[in-house]
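Note sheet for the following structure.
Just so you know, these numbers use all the heavy atoms, side chains as well, and skip hydrogens, waters and symmetry mates. Source: prediction; values computed, not measured.
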There are 2 protein chains.
Amino acid sequence: MVSDVQPVSAKTPVTLREVAALAGVSVATASKALNGQGRMTAETRERIRETAQRLGFRPNSLAQSLLRRRSFTVGLLTNDTYGRFSLPVMSGISDALVDKGVSVFLCNVEDDQRLGQLHVDAMLDKRVDGIIATGKRIDRHLPVDLSNLGIPVIYAFTEPDPGAIAFVSDDAGGARLAVEHFCRLGRRRIAHVSGPASFAVVHARAQAYRDVLTEKGLPVMEPLLGSWSEAWGHEAVKTLFDGKLSKRGGEKPDAVFCGNDQIARGVIDALRERGLGVPDDVGVIGFDNWQIVAEATRPPLTSVDMNLAALGREAGLTLLSLVGGEPAEPGIRKLPCRLVVRQSCGRPPGG
Amino acid sequence: MVSDVQPVSAKTPVTLREVAALAGVSVATASKALNGQGRMTAETRERIRETAQRLGFRPNSLAQSLLRRRSFTVGLLTNDTYGRFSLPVMSGISDALVDKGVSVFLCNVEDDQRLGQLHVDAMLDKRVDGIIATGKRIDRHLPVDLSNLGIPVIYAFTEPDPGAIAFVSDDAGGARLAVEHFCRLGRRRIAHVSGPASFAVVHARAQAYRDVLTEKGLPVMEPLLGSWSEAWGHEAVKTLFDGKLSKRGGEKPDAVFCGNDQIARGVIDALRERGLGVPDDVGVIGFDNWQIVAEATRPPLTSVDMNLAALGREAGLTLLSLVGGEPAEPGIRKLPCRLVVRQSCGRPPGG
DNA sequence: GCGATTTGGGAAAAGGTTTTCTCAAGAGAG
DNA sequence: CTCTCTTGAGAAAACCTTTTCCCAAATCGC
């Protein structure tokens, strides 16, 4: 009947009262002992600690939260559970928060207003300390109203309310990275094939594309806008290389900067089908750095990565500082992209 | 100074005490009024309800949970936040639970034991009512020990502890669906190209493939095992159609059942490159029904769908019934797959 | 009109923790 | 030897809600 039981994850959780009773002190003393507060003999403190350890005591977060008016919980709202954009973001948020003891409620609202309200209400009931909203498009609102909730809200990779704080990728910067890389490699006729004109990022990237070429004194070809699909990549190659549309002296492009990796894949396949070599005849760069696509193209695709996990981390940490009462400037913060170089661009002429 | 303020989401949440004070009753009466309990005049009840409404009162879940010893919260453990398998599962779980007022903690443990323990501890501290474990492989354990936690645990699309309840896809059944579909269409020489032998599902599907062909009296070709990549699909086509390995009279396959959609994509591309038509010369079926891949192949790919969202729903509902104290048989429950027919198989001979 | 029952509503405990206040005993100063 | 100060630890309030008991007033039966 000795008490050498291992720390027992009991059927019913151990309370502080039980620890105190077994250690022969009051709950107040027990609490102080375990939190390093109050004054007592080292021996008493140690005895209480030991007892708690032996019983496998874990303070009840619910009770703590009630008292502290802080739940150490945040809500993560998304309309993109299937997608590949919000996932890295979510992962980054979660990683940033778990270390601070903060848990994340995952709320998938699809594009359903009712579902959105349901989740927001649930989060408010559960007394989350703050909310992060993330989506599949940087220029679309989630179907929920997050203004005036009485708790901090951060937007990540989605359209924010006015006066809020948002983290988004620097699409123009990312596009510059790609086009400047082509220039450095000596490419002279750089085309741009992108997604639908209804996306804000399409314009941001296209403008950056024009800017860089103008700065370098290279010819600007009007960007080709279509859809985000491989099929559009195929079609665009037809348009670009069948000559009717290449105005300046019939010269064909020697580089294509694509709006996403799927378009890039279509472009690469179409080029190969018409006997053009990548990267020797034409260089190709994609956007999103969707690993599973970028590594399946032949050759593997150089692509712009939006650093979404980092974006999520940043959003999580900022929310935490807001929750902690620190002030922060409202506004949209653009985080830099990075270029992941694989083999679809070739080496510099002298390299 | 009239009280026509809209329901105010106050800086500091409204408590029941404030509602009671404003309605001129005790908190006990207020509580009963709002919960439809106790006895009081209809007029009193209505007055309290109105006051609560006007103040935007929301009962504090933390306090309720403390009292009820139930948090209406579950933990979702996964090691596959980026992947496409656990995402539909997670989405299904979340959907099933939100309607019951249960929120979901998202915990990404990667493959890190320390992170796993951290998350499990956090969940236990937050007094989750139960835990669902999900992963990226049906035959691998999460890096955490979930036995003896004192709360119900359900496994979904991951290897369970002995004696636990798990939901997995019926891979053998899914493979049968595919092969039988080929048979119905009159295909006679059906090959199977799959992933690495280290995956349990590879064997389950291969065995079902053999079984069906044997039942139908068709020739069984030894399954080709490789990796889950497009590149392997290309390579396998070489092996299958270069003749050295097709033993019976040099006949080439007229159908290929692939272990996943990426392999199928590689197979389709490779077939086209050697001048074989899909579906006219060779039919192809994939596995996973990864929409973005299946719809990008030319022609669009017929594929086996594991119904992962439904699997998640089922897991969520079962966990809830467990939490509610209802008994349930331990064991592994296999949920049926379904075949999503697109255009890579062709029509039946007489169709 | 008197006792028994119903009605409307309140007091208090419970849930588990933290924190402030209080208090007794012992130690040091003079 | 008395007075003050420190030390060690407990009592109680607070966080917010639910629920059980309880009580006073009103109603009913006769």
ask   = When we call it a touch if two heavy atoms are under 4.0 Å apart, what does A:Thr41 touch: a base, just sugar-phosphate, or nothing?
value = sugar-phosphate

B:Thr44 side-chain proximity, nearest of C:dT17, D:dA11, C:dG9 = C:dG9

ask   = Which nucleotide, C:dG10, C:dT19, C:dT17, lies nearest any side-chain atom of B:Lys32?
value = C:dG10

task = Taking all non-hydrogen atoms of both residues into account, name the closest pair between B:Val25 and B:Thr29 and its distance.
result = CB-CB, 4.1 Å

query = Nearest-Å distance, CD1 (A:Ile48) to P (C:dT18)?
reply = 13 Å

query = Distance check: side-chain N/O of B:Asn60 vs OP1/OP2 of D:dC15, anything under 4.0 Å?
reply = no

query = Any idea which of C:dT17, C:dG10, C:dG15 is nearest the A:Ala63 side chain?
reply = C:dT17

Position toward the 5' end of DNA chain D (nearest nucleotide), B:Arg68 or A:Leu67 = A:Leu67

message = Any heavy-atom pair between the side chains of A:Gln64 and B:Asp125 that's under 4.5 Å?
response = no

note = Of the listed D:dC16, C:dG10, D:dG8, the closest approach to the B:Ala28 side chain comes from C:dG10

key: Atom pair distance, as rounded to whole Å: NZ in B:Lys126 and P in C:dT17   = 15 Å

request  = Check every atom of C:dT7, C:dT19, D:dG8 against the side chain of B:Arg39 and return the nucleotide holding the closest atom.
outcome  = C:dT7

key: Heavy-atom side-chain proximity of A:Phe72 to B:Lys126 below 4.5 angstrom   = yes

message = Does D:dC16 have OP1 or OP2 under 4.0 Å away from a side-chain N or O of B:Gln64?
response = no

ask   = Starting at the 5' end of DNA chain C, which residue's closest nucleotide do you reach first, B:Leu62 or B:Arg47?
value = B:Arg47

inquiry  = Quick check on C:dG9: is either OP1 or OP2 less than 4.0 Å from any side-chain nitrogen or oxygen of B:Thr29?
reply    = no

request  = Could you work out which one of C:dG15, D:dG8, D:dC15 sits closest to the side chain of A:Arg17?
outcome  = C:dG15

query = What's the CZ-P distance between A:Arg69 and D:dA14, to the nearest Å?
reply = 12 Å

ask   = When you check the phosphate oxygens OP1 and OP2 of C:dG9, does a side-chain N or O of B:Ser26 lie under 4.0 Å from one of them?
value = no

ask   = Considering only D:dT17, D:dG8, C:dG15, which nucleotide approaches the side chain of B:Leu66 most closely?
value = C:dG15

ask   = What is the minimum heavy-atom distance between B:Ala328 and B:Ile165, and which atoms define it?
value = CB-CD1, 3.7 Å

ask   = What does B:Thr15 touch in the nucleic acid at a heavy-atom separation under 4.0 angstrom: a base, only the sugar-phosphate, or nothing?
value = sugar-phosphate

Pairwise side-chain contact, A:Phe85 with A:Met306, heavy-atom cut-off 4.5 Å (strictly under) = yes

